[in-house]
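Here the structure comes first, spelled out in structure tokens, and everything after it is commentary.
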Amino acid sequence: MTSAADPATFESIAPQPTRTLDGSRLVARGFQAIVGVALILTAIGLWVAPGASWAQDLLLMKLLASAVGGMVGLACLQTFIRPAPPKVEIDTIRHEVRLVRTRGKDRFILDRCKFSDLTLVESSDTHVQLWGKDNTLIAEVAASDRVTHRSLVTALRVAGKL
């Protein structure tokens, strides 16, 4: 029998909020997209602008400026892409909620919260909202299976949250 250590633990990765309700991430990503497009257009404009100088001493400087501007602009556009939402794992045996992000074979735990540490739990029909520390929304769960929903609700009742 062998045992392997999991290198991605909660202690090694700083917890991040999964969603902000004020839209600040959307504004930041939009600003990054605008900056990225502006940098790419500036890099192209150095070469196609009317009256651009083709003097030998300026060509190397224009090439360097357009290459750096183009690469930084592409990097800004890459960060504009919305990251995939983390997967919510609810463990009714261990009485905890985990937010997990996977990249290939790697598995990173972004946040972990025990049922007893939840500040608020809202339940209606098959829809359950779990609020963690600092009143941050950890997960919204819509269970389509009655047995799964009943198991979750029972575990939350045992923890004293419903």
Side-chain angles (χ1 to χ4, degrees), residues 1-44 67-162:
M1 181 174 202
T2 61
S3 175
D6 184 15
T9 61
F10 177 68
E11 290 79 18
S12 65
I13 299 172
Q16 303 170 355
T18 58
R19 175 184 339 179
T20 55
L21 299 177
D22 60 353
S24 61
R25 285 189 183 181
L26 177 66
V27 172
R29 284 197 322 264
F31 180 71
Q32 284 178 340
I34 292 170
V35 168
V37 169
L39 284 172
I40 291 172
L41 290 177
T42 302
I44 294 170
V68 169
M71 285 189 279
V72 171
L74 284 175
C76 286
L77 285 177
Q78 288 294 322
T79 59
F80 170 69
I81 298 171
R82 183 177 183 172
K87 182 179 174 183
V88 177
E89 292 181 355
I90 299 176
D91 192 347
T92 56
I93 295 171
R94 292 184 181 161
H95 294 271
E96 70 179 11
V97 179
R98 291 184 295 271
L99 297 177
V100 179
R101 180 158 295 157
T102 57
R103 272 188 228 142
K105 294 182 180 179
D106 296 333
R107 184 173 177 261
F108 302 101
I109 298 175
L110 298 177
D111 197 4
R112 178 181 296 166
C113 186
K114 295 274 189 190
F115 285 172
S116 59
D117 295 336
L118 294 172
T119 57
L120 178 65
V121 175
E122 297 176 358
S123 177
S124 62
D125 295 332
T126 61
H127 188 76
V128 178
Q129 289 181 337
L130 306 170
W131 297 81
K133 301 170 188 163
D134 302 327
N135 289 331
T136 57
L137 180 64
I138 292 180
E140 294 181 40
V141 180
S144 58
D145 184 25
R146 285 182 176 257
V147 175
T148 305
H149 179 68
R150 192 177 313 136
S151 173
L152 174 61
V153 169
T154 303
L156 288 169
R157 282 191 181 133
V158 167
K161 295 301 171 179
L162 282 179

Please report the closest heavy-atom contact between L118 and C113, naming both atoms and the distance.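 Here L118 and C113 meet closest at CD2-SG, 3.7 Å.
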Residues, nucleotides or ligands: over 12 heavy atoms within 6.0 Å of K114 NZ: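 Enclosed.
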How many angstroms lie between [atom1] in [X] and [atom2] in [Y], if you round to the nearest 0.5 Å?
X	Y	atom1	atom2	value
Q129	S124	CD	OG	7.5 Å
T154	H149	OG1	NE2	9.0 Å
M71	C76	CE	SG	13.0 Å
T92	R150	OG1	CZ	13.0 Å
I138	L110	CD1	CG	11.5 Å

Steps toward side chain to side chain contact (heavy atoms under 4.5 Å, CB included) verdict (F115, I90): CA-CA 10 Å; F115 285 172; I90 299 176; 3.8 Å; yes
Can you tell if the side chain of [X] reaches within under 4.5 Å of the side chain of [Y], non-hydrogen atoms only?
X	Y	result
L156	V128	yes
L99	I109	no
K87	R101	no

Could you tabulate the donor-acceptor pairs under 3.5 Å formed by side-chain atoms of residues 30-43, not counting sequence neighbours?
residue	atom	partner	partner atom	Å
Q32	OE1	T79	OG1	2.9
T42	OG1	A38	O	2.7

Any carboxylate oxygen within less than 4.0 angstrom of a Lys/Arg side-chain nitrogen, looking at R107 and E89?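 Between E89 and R107 there is a salt bridge, with a charged N closer than 4.0 Å to a carboxylate O.
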The test is side chain to side chain contact (heavy atoms under 4.5 Å, CB included); show your working for R112 and V97 and say whether it passes. CA-CA 6 Å; R112 178 181 296 166; V97 179; over 6 Å; no
